[in-house]
Amino acid sequence: MKNNNFEDVVFNRHTIKEFVKDYKIDREEMLQILEESTKAPSSVNLQPWRFVVVESEEAKDKLRPLIMFNIRQNDTSSAMILIFGDMKCYEKAEEIYNKAVEKGYMPEDVKKEAMDYFLPAYKNFSKAKMNDIVKIDSSLMAMQLMLVARAHGYDTNAIGGFEEDKLAKAFDLDPERYVPVMIIAIGKADYNYHESVRLDIKDITKFE
Ligand SMILES: Cc1cc2nc3c(=O)[nH]c(=O)nc-3n(C[C@H](O)[C@H](O)[C@H](O)COP(=O)(O)O)c2cc1C
């Protein structure tokens with residue numbers, strides 16, 4: 001049963017670091033969660049996010065030495081979702097834009113105009129710029145993933161503490177192409193969350 005209570009989904013999201021051990025999310029539901037998460041927006045709709053769902057004991061053993069102080073989440077979560085950004089995401093531009101044309105969402109000439117405009121730019125962006133783009137896009141998706149997880153009755157922990165330079169290789173991905181963005185631990189919460197504070201909004205906002 002889906003939780004469609006917006007306030008509960010959003011405002012009762014809290015970091016959970018310990019989950020009901022051995023609770024598995026079946027692959028069909030996991031794919032549904034990821035599919036719903038990837039409804040997030042992305043720059044020129046290039047959808048640079050790629051996933052490795054670490055759910056088996058063997059894969060979790062492989063991940064354990066790479067996640068620093070986040071062992072509890074690895075060992076109790078239903079899965080650790082590794083989010084990578086594809087530095088060559090533009091290679092799927094044709095596929096994405098063709099699909100939009102086929103579905104009648106975009107006329108062929110608009111597709112051509114858009115692709116002629118952004119593709120050369122994407123191909124020439126510096127590594128640093130591409131790194132920013134894929135991380136911004138994938139982070140928006142990651143936030144959506146945490147909320148979608150709640151709608152499915154699960155909780156999460158966004159994890160940035162891991163061995164950035166080793167993650168792709170450990171999971172047989174080309175480290176030059178796939179940059180690790182974040183890991184999302186997901187599962188059934190096994191304890192009450194800890195409250196967290198926020199800065200006063202008036203101190204961090206200015207109107208002009
Ligand atoms: C990008 C990012 C990286 C984070 N990395 C870690 C981490 O490595 N380990 C951890 O336990 N929590 C991590 N957190 C969770 C934050 O500590 C947590 O979101 C914050 O304290 C606010 O609490 P809340 O999520 O309950 O609102 C991370 C959160 C974000 C957004």
Side-chain angles (χ1 to χ4, degrees), residues 13-19 25 30-31 33-93 121-150 154-187 193-194 196 198-199:
R13 182 212 57 81
H14 302 280
T15 286
I16 291 292
K17 304 192 192 195
E18 193 148 346
F19 302 91
I25 300 174
M30 182 60 80
L31 285 173
I33 289 170
L34 296 179
E35 189 173 49
E36 289 167 11
S37 307
T38 59
K39 301 280 182 199
S42 61
S43 176
V44 289
N45 199 21
L46 283 190
Q47 309 162 44
W49 40 71
R50 306 288 179 263
F51 303 98
V52 176
V53 180
V54 172
E55 53 175 15
S56 69
E57 282 310 309
E58 301 75 55
K60 283 187 165 192
D61 288 346
K62 199 153 55 165
L63 185 56
R64 195 173 297 107
L66 305 178
I67 44 159
M68 303 172 175
F69 42 88
N70 297 300
I71 304 295
R72 257 191 316 165
Q73 298 93 312
N74 185 60
D75 290 355
T76 63
S77 62
S78 301
M80 298 283 274
I81 303 173
L82 317 186
I83 301 171
F84 292 92
D86 181 358
M87 298 283 275
K88 290 193 175 163
C89 54
Y90 50 80
E91 287 186 356
K92 287 197 185 291
Y122 263 72
K123 286 179 183 164
N124 283 309
F125 280 147
S126 67
K127 227 172 150 180
K129 172 80 176 164
M130 260 330 268
N131 193 66
D132 282 351
I133 291 175
V134 302
K135 284 188 173 168
I136 290 169
D137 288 343
S138 301
S139 298
L140 288 171
M141 184 282 303
M143 183 69 247
Q144 184 145 323
L145 172 43
M146 290 191 274
L147 299 178
V148 166
R150 292 224 3 107
Y154 303 115
D155 280 285
T156 56
N157 179 194
I159 294 176
F162 53 80
E163 307 277 352
E164 272 184 57
D165 52 338
K166 300 199 179 114
L167 204 67
K169 220 161 178 252
F171 290 89
D172 304 320
L173 296 174
D174 172 3
E176 288 297 312
R177 174 162 183 167
Y178 299 100
V179 296
V181 177
M182 207 182 296
I183 300 176
I184 303 286
I186 182 170
Y193 62 85
H194 301 292
S196 59
R198 295 296 186 266
L199 296 169

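This structure is a prediction, so every number in the text was calculated from the model and none was measured.
- For the pair S138 and R50, the minimum side-chain heavy-atom distance is 4.5 Å or more.
- Of all heavy-atom pairs spanning F162 and M68, the tightest one is O-CE, 3.5 Å.
- The aromatic rings of Y90 and Y122 stand perpendicular to each other, their planes meeting at an angle above 60°, with 30° marking the opposite boundary.
- For the atom pair CD1 of I136 and CG of N131, the computed distance is 10.0 Å after rounding to the nearest 0.5 Å.
- Considering CG of D75 and CG of N70, their distance stands at 11.0 Å, rounded to 0.5 Å.
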Please assess I16 against Y193 for the test side-chain contact (heavy atoms from CB on, under 4.5 Å), listing each intermediate value before the final yes or no.
-> CA-CA 6 Å; I16 291 292; Y193 62 85; 3.9 Å; yes
How far apart are the C-alpha atoms of I83 and L145, what are their side-chain angles, what is the distance that settles it, and do they pass the side-chain contact (heavy atoms from CB on, under 4.5 Å) test?
-> CA-CA 11 Å; I83 301 171; L145 172 43; 4.2 Å; yes
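- A pairwise comparison of heavy atoms in A185 and Q73 identifies CB-CB, 3.9 Å as the closest pair.
- Panel note: side chain E18, backbone R72; no donor-acceptor pair is recorded below 3.5 Å.
- In terms of heavy atoms, I186 sits closest to Y154 at CG1-CB, 3.9 Å.
- For K60, the NZ atom sits in a packed shell: over 12 heavy atoms of surrounding residues, nucleotides or ligands are nearer than 6.0 Å.
- Nearest heavy atoms, C89 versus M130: SG-CE, 3.7 Å.
- Annotation for K169: atom NZ does not count as buried by contact number, only 12 or fewer foreign heavy atoms lying within 6.0 Å.
- Once rounded to the nearest 0.5 Å, the distance linking NZ of K135 with CE of M87 reads 8.5 Å.
- Considering only heavy atoms from C-beta on, V52 comes within 4.5 Å of L173 through its side chain.
- Taking CG of L31 as the reference point, atom CD1 of I25 lies at 11.5 Å (rounded to 0.5 Å).
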Evaluate salt bridge (charged side-chain N to carboxylate O under 4.0 Å, His left out) for E176 paired with K88, printing each intermediate quantity in order.
-> CA-CA 10 Å; E176 288 297 312; K88 290 193 175 163; over 6 Å; no
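- In this structure, V181 and G85 approach most closely via the heavy-atom pair CG2-N, 3.6 Å.
- No side-chain heavy atom of F84 sits less than 4.5 Å from a side-chain heavy atom of V179.
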Could you please spell out the steps behind the side-chain contact (heavy atoms from CB on, under 4.5 Å) verdict for M141 and F51?
-> CA-CA 11 Å; M141 184 282 303; F51 303 98; 3.5 Å; yes
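- A heavy-atom distance below 4.5 Å is not found between the side chains of E91 and D86.
- Counting heavy atoms from C-beta on, the side chains of V53 and L34 come closer than 4.5 Å.
- Screening R13, H14, R150 for a side chain to side chain donor-acceptor pair (under 3.5 Å) involving D155 leaves a single residue, R150.
- Distance check: N74 CG to F19 CZ gives 11.0 Å after rounding to the nearest 0.5 Å.
- E55 approaches A79 most closely through the heavy-atom pair CB-CB, 4.3 Å.
- The closest side-chain heavy-atom distance from I183 to V54 is not below 4.5 Å.
- Ion pairing of D132 with K129 is absent here, as no side-chain N (NZ or NE/NH1/NH2) approaches a carboxylate O to less than 4.0 Å.
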May I have the step-by-step check of side-chain contact (heavy atoms from CB on, under 4.5 Å) for L63 and L167, ending in yes or no?
-> CA-CA 8 Å; L63 185 56; L167 204 67; 3.6 Å; yes
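- Put simply, CD1 on I184 and OG on S37 are 9.0 Å apart, with the number rounded to the nearest 0.5 Å.
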